[in-house]
Amino acid sequence: MVSLGGCQKSPEVPGPDALRWAESARPRSALLAQKYERSCQSCHSSRASTAPLVAFAPDWQARLQQGMPALVNHARDGFKGMPARGYCNDCSDQELEALIAFMSTPLTQE
Ligand code: HEC
């Protein structure tokens, strides 16, 4: 018997739906969407970067366990490959928090 279950060993790899969603998703607020598009999006919306993928739960689970204040601190001050403020110099901490909430909210499957 040949096992075809090999792919299931890597739950961390986003499928085509998750990748399409990550590319097209935007925050609801127009202002936030604008800031997202000119900063966070370039790294967080595709696998071209090692940044946690927008709305892809496996990328965010462990990070969310640090709690939102830690995530906001990391986004503001920079964290490994994550540049300070994600190049969004006019993003307030509250806006960073809203952007993080948006990016880390999983795609809802019906
Ligand atoms: C130049 C690329 C780049 C941009 C632009 C960028 N990020 Fe990131 N971000 C990264 C990378 C890479 C990581 C993963 C760092 C690691 O854990 O190695 C990351 C990680 C994060 C994390 C997780 C930090 C943690 O504690 O695990 C948050 C939150 C985050 N980014 C928020 C944002 C927000 C909000 C924006 C837009 C304002 C943004 N990023 C823009 C590259 C980027």
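Note that the coordinates shown come from a computational prediction; the quantities given were computed from them, not determined experimentally. Whatever order the structure lists ligands and atoms in, that order sets their numbers, starting from 1.
Residues satisfying the salt bridge (charged side-chain N to carboxylate O under 4.0 Å, His left out) criterion with E97, sequence neighbours excluded, are absent altogether. Residues forming a salt bridge (charged side-chain N to carboxylate O under 4.0 Å, His left out) with R63 (at least two apart in sequence, or on another chain): none. Applying the side chain to side chain contact (heavy atoms under 4.5 Å, CB included) test to A98 and every residue at least two apart in sequence or in another chain returns L32.
For the pair M68 and A101, the tightest heavy-atom approach, listed with the atom from each and the gap, is CE-N, 3.8 Å. The shortest heavy-atom contact between A75 and I100 is CB-CD1, 3.8 Å.
Less than 2.5 Å separates the SG atom of C88 from that of C91.
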Present, as a list of atom pairs with distances to 0.1 Å, all nitrogen or oxygen contacts under 3.5 Å between ligand 1 and the protein.
{"from": "ligand 1", "atom 1": "7 (N)", "to": "H44", "atom 2": "NE2", "distance (Å)": "2.8"}
{"from": "ligand 1", "atom 1": "9 (N)", "to": "H44", "atom 2": "NE2", "distance (Å)": "2.9"}
{"from": "ligand 1", "atom 1": "17 (O)", "to": "R63", "atom 2": "NH1", "distance (Å)": "2.8"}
{"from": "ligand 1", "atom 1": "17 (O)", "to": "R63", "atom 2": "NH2", "distance (Å)": "3.2"}
{"from": "ligand 1", "atom 1": "26 (O)", "to": "Q66", "atom 2": "NE2", "distance (Å)": "2.9"}
{"from": "ligand 1", "atom 1": "26 (O)", "to": "H74", "atom 2": "ND1", "distance (Å)": "2.4"}
{"from": "ligand 1", "atom 1": "27 (O)", "to": "R63", "atom 2": "NH1", "distance (Å)": "2.7"}
{"from": "ligand 1", "atom 1": "27 (O)", "to": "Q66", "atom 2": "NE2", "distance (Å)": "3.4"}
{"from": "ligand 1", "atom 1": "31 (N)", "to": "H44", "atom 2": "NE2", "distance (Å)": "2.9"}
{"from": "ligand 1", "atom 1": "40 (N)", "to": "H44", "atom 2": "NE2", "distance (Å)": "2.8"}

